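Scope of the values below: all heavy atoms of this structure, side chains included, with no hydrogens, waters or symmetry mates. Computed from a predicted model, the values in this text were never measured in an experiment.
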Amino acid sequence: MAIMADEIVEHIRAEAAHLNIDLSSVDWNSIKLPPNEDFGIKSDDDDDDFNEEDSLEVPDEWTPPEIKPYTPEENLQQWLINEKGKDQFVIRAGSETEIMWNDARQLKADSVDKRPFWTESFVQWSPLGTYLATVHQQGAAVWGGATTFNRLRCYAHPQVKLIEFSPGEKYLVTYSSSHDEKHRVNIFDVRTEKVMRDFEGSGNDFADGGDFWPVFRWGGGIEDKYFARMGKNVLYVYETKTFRLINKNPIKVANIEDFSWSPTDPILAAYVPEVSGGNQPARVSLFQIPSKQVMRQKILYNVNDCKMYWQSNGEYLAVKVERYTKTKKSTYTGFEIFRIKEGDIPIDAFELDNKNDKVISFAWEPKGQRFAVIHGGGQFYPRGFDVSFYTVKGGKVSKLKTLYQKQADALFWSPGGRFIVLGGLRKGFNRQLEFYDVDDLKTMATAEHFMSTDIQWDPSGRYVATSVTSVHHEMESGFTIWSFYGKLLYCVLKDHFFQFLWRPRWQFLSPEKEEEIARNMKEYSKKYDIEDDEISVLLREQDHEKRKELKEEWERWVKEWNRMHEQEKMERQMLIRDDAEATDVEEEEEYDEVEQLLDVSEELLDVFP
C-alpha cells in the first residue's frame with residue numbers, strides 16, 4: 001500500500017502511544033519529509049512480490065555474537081600532561097610544516113613531527129588545541145594524537161580557501177569561491193564529518209554590512225549553541241540544535257553596521273550608526289539570545305564611528321565612541337563601559353585626559369578589570385604615543401598611570417594578566433618591545449627585534465614569541481623566544497618562514513582553584529624550585545663542557561698549525577741550501593768607468609781683496 005508523509009508521522013505517534021513511549025520532546029518541525037511524495041510500505045498481506053528465498057536465514061539455535069576486544073582511542077589531550085609543563089607550537093617554512101616543544105629551560109626547541117607538503121595553504125589550531133587543521137584542494141583535514149599526529153577526519157569541500165572552528169571545536173566552517181562568482185560556506189560536524197548546513201551566494205551576500213571573514217560569528221561560549229551573520233537591516237541568528245533561524249525569523253535591526261558576541265554568554269551587542277544627518281542617533285543594543293529581547297540600549301549622539309571590545313570573561317563591554325565636535329570639523333574619542341554582570345547593566349562613561357588624542361589601540365586585561373589604551377596626536381608620532389592604564393572598580397573608571405612618548409602602537413596582554421608587552425610594529429618604531437608589569441607599574445625590560453611582524457604570548461603566559469615572516473621580509477626570517485620579563489632565551493632562523501602559532505590550552509582550573517594556588521604559591525613552588533636548580537646545574541655543566549670542547553678544539557688547531565709551521569720551515573731551509581749549492585761559483589760583475597766633459601767656464605778670482 002502507499003501512504004503520504006503526514007500519515008507516516010501519525011503512524012509513528014500511534015505506535016509510540018501503543019508502546020507507551022513518550023515523544024513529547026521530539027521536535028516534529030525538524031523532521032523534513034517531501035510533502036507530495038508517496039512512500040511504499042510492505043506488509044504481510046502484500047506478498048505478491050515476496051519470495052521466501054529472499055528472506056534472511058535464521059538459525060534454529062541462538063549463538064552469542066563475537067565480542068571484539070575494546071581498542072581505546074588515542075588521548076588527544078596527552079600533550080597537556082607534559083611533566084615539564086611545556087607548550088607546543090607549529091611553524092611553516094618553505095614547503096615544510098613542523099610541530100615543536102618549547103623547551104625554554106634548555107634554551108631550545110625540540111621537534112615533535114615534521115613533514116613536507118603537509119598543507120597546501122596554511123595551518124590552524126582548533127580553539128582548545130585538540131586538532132591541527134590543514135587546507136588542501138579537495139577540502140580540509142584535522143590531525144591529532146597522543147604522541148604523533150595522525151589524520152583523524154577529512155571534510156570534502158573543493159577549492160576551500162578559509163576555515164574556522166567554533167569555540168568549542170564541535171563545528172568547522174569552510175569557505176570557497178569559484179570563477180563564476182559563486183561563494184559557498186559549509187558547516188561540518190567535526191566528529192562525524194557531516195555537513196550540518198551549507199550556504200551559497202555572491203560575495204556581497206556574505207559580506208553585506210561588515211567584514212567578509214569570518215562569515216559567521218559564534219556565540220554562547222564553548223557550548224557552540226548559536227552562530228550569526230549580518231544582512232541588510234537584519235541579523236540572522238541560528239541555533240545549532242536545528243541549524244535553522246531561531247523562531248524561523250531574523251532579528252530586524254535597521255541600518256546595522258556591526259555586532260559581536262559575549263565570549264561566555266548568549267548575549268549579542270549590535271551597533272547602529274547615525275542616519276538622516278543625525279536625526280536618528282546612533283545606538284548600541286544588547287540582545288538576549290534566544291529570546292531576542294533587548295537587555296540594554298545606549299543612545300549616542302554626534303557619532304562618527306564605534307568599536308566594541310569584550311572582556312574575556314564577558315563581565316564588561318567597552319564601546320569606543322568617536323564623536324564630532326560642535327563645528328563638525330574634527331572628532332574626539334570617549335568610552336562607554338557596560339558592566340554586564342550587574343543588575344540593570346549600568347554604564348560608565350569616561351574620556352581621555354586630552355580628549356583630542358586619537359586612540360591607536362585598546363585591550364582588556366584577560367580575566368581582569370584593567371585595560372590599556374595607546375593614544376596620541378599626529379604631532380607626537382615621531383616621538384611615540386602615550387600608553388594609559390585604567391581600572392574599573394566600584395562603578396568608577398580610574399586611571400592607574402600614563403607612560404609618555406613610547407615607541408609602541410600595539411598591546412599584547414599575557415593570558416594570565418598582569419604583564420603586558422608594548423610593541424612598536426609600525427614603520428619608524430624599529431620593532432621596539434617593552435615588557436611592563438601593571439601590578440607594580442614598572443618596566444621590567446626593553447628590547448628590539450628588528451623587522452619583527454608578529455608578537456604572541458604562549459597560553460601559559462610564561463613566554464613571548466616574536467617572528468619575522470618572509471611575506472614581509474626575506475632577510476632574518478624566523479622566530480625568537482623571550483621570557484615574560486623580557487630576557488632573550490633563544491632564536492631560530494628559517495629561510496622562507498611563513499607562520500608561527502602557539503598551540504592553545506584548555507582552561508581546567510576554576511577561578512577558586514587558581515586563587516588557592518596563588519595564595520599557596522610558595523608551597524607549590526618548592527618542587528619546581530628544586531627542578532629549576534637541577535636544570536641550572538645541568539645547563540652550567542653543559543656550558544662548561546661546551547667551553548672545554550672549544551678550548552680543546554683551539555689547542556688542537558694551534559698544535560696542528562705549529563706542526564705545519566715547523567714542517568714548512570724545514571722545507572724552506574732545504575730549498576735555501578739547495579740553491580746555495582747550485583750557485584757556488586759566483587759570477588764577477590765588470591764595471592766600465594766613463595768620463596765626459598760637460599762644460600768649461602772661466603771665472604776671475606780676486607786673491608787680494
Side-chain angles (χ1 to χ4, degrees), residues 74-93 96-115 118 123-133 143-150 169 366 412-419 421 435 454-467 478-494 497 499-509 513-514 517-518 521 524-543:
E74 285 190 282
N75 182 7
L76 300 182
Q77 282 76 40
Q78 181 73 26
W79 62 279
L80 289 171
I81 54 177
N82 179 265
E83 293 181 356
K84 303 299 182 182
K86 296 184 293 185
D87 280 295
Q88 290 183 351
F89 58 84
V90 62
I91 61 172
R92 284 198 309 117
E96 294 184 335
T97 301
E98 186 173 10
I99 299 168
M100 310 182 80
W101 286 109
N102 173 37
D103 194 351
R105 289 179 171 182
Q106 301 283 356
L107 306 180
K108 63 178 183 177
D110 297 325
S111 181
V112 177
D113 204 337
K114 181 179 181 180
R115 305 181 191 182
W118 202 343
V123 295
Q124 183 173 324
W125 291 109
S126 59
L128 302 179
T130 307
Y131 309 106
L132 177 71
W143 308 72
T147 57
T148 186
F149 283 78
N150 304 311
E169 301 180 342
F412 302 92
W413 281 97
S414 164
R418 179 175 178 177
F419 305 108
V421 175
F435 297 80
D454 299 282
I455 301 174
Q456 297 180 46
W457 281 89
D458 84 317
S460 68
R462 296 173 295 173
Y463 306 103
V464 179
T466 58
S467 57
F479 63 92
T480 300
I481 303 297
W482 311 75
S483 69
F484 73 92
Y485 52 86
K487 180 183 178 181
L488 192 154
L489 299 177
Y490 64 93
C491 178
V492 177
L493 298 179
K494 292 278 188 179
F497 186 79
Q499 202 173 4
F500 179 101
L501 290 174
W502 289 104
R503 188 173 188 175
R505 275 182 171 268
W506 281 75
Q507 181 62 41
F508 289 107
L509 301 179
K513 184 62 176 178
E514 290 183 354
I517 292 175
M521 183 59 70
Y524 285 105
S525 64
K526 289 180 180 179
K527 171 187 174 183
Y528 301 104
D529 289 341
I530 296 173
E531 292 182 1
D532 289 341
D533 292 340
E534 293 175 352
I535 292 175
S536 298
V537 171
L538 178 62
L539 289 176
R540 285 196 296 269
E541 291 177 352
Q542 291 177 350
D543 184 64

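Residues L538 and Q106 share a closest heavy-atom pair of CD2-NE2, 3.7 Å. Annotation for W502 and N102: closest pair CH2-ND2, 3.6 Å, computed over non-hydrogen atoms. Heavy-atom minimum distance, R505 versus G85: NH2-O, 4.0 Å. Heavy atoms only, all atoms of each residue included: L489 and A104 are closest at CD1-CB, 3.8 Å. In terms of heavy atoms, G129 sits closest to R503 at O-NE, 2.7 Å. S414 approaches G461 most closely through the heavy-atom pair OG-CA, 3.5 Å.
Once rounded to the nearest 0.5 Å, the distance linking CZ of F500 with CZ of R92 reads 14.0 Å. Taking CG of D113 as the start and OG1 of T147 as the end, the distance is 9.5 Å to the nearest 0.5 Å. Here the CG atom belonging to D87 is positioned 8.5 Å from the CG atom belonging to N82, to the nearest 0.5 angstrom. Distance check: E74 CD to L76 CG gives 7.0 Å after rounding to the nearest 0.5 Å. Taking CD of Q456 as the start and CD1 of I481 as the end, the distance is 9.5 Å to the nearest 0.5 Å.
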Applying ring-ring contact (aromatic ring centres under 6.0 Å, His included) to F484 and W482, what does each step give before you reach the verdict? CA-CA 6 Å; F484 73 92; W482 311 75; over 10 Å; no
Stepwise, does the side-chain contact (heavy atoms from CB on, under 4.5 Å) test hold for K86 with D103? CA-CA 6 Å; K86 296 184 293 185; D103 194 351; 4.1 Å; yes
How far apart are the C-alpha atoms of R115 and W143, what are their side-chain angles, what is the distance that settles it, and do they pass the side-chain contact (heavy atoms from CB on, under 4.5 Å) test? CA-CA 13 Å; R115 305 181 191 182; W143 308 72; 3.2 Å; yes
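Just one of I91, I99, L132 meets the side chain to side chain contact (heavy atoms under 4.5 Å, CB included) condition when paired with V123; it is L132. Checking each of W457, F479, W101, W79 against F89 for a ring-ring contact (aromatic ring centres under 6.0 Å, His included) leaves exactly one that passes, namely F479.
By the 4.5 Å heavy-atom criterion applied to side chains, K494 and E98 are counted as neighbours.
Each side chain to side chain donor-acceptor pair (under 3.5 Å) pair with one or both residues in residues 123-132, not counting sequence neighbours, appears once here: Q77-T130, S126-E169, T130-E169.
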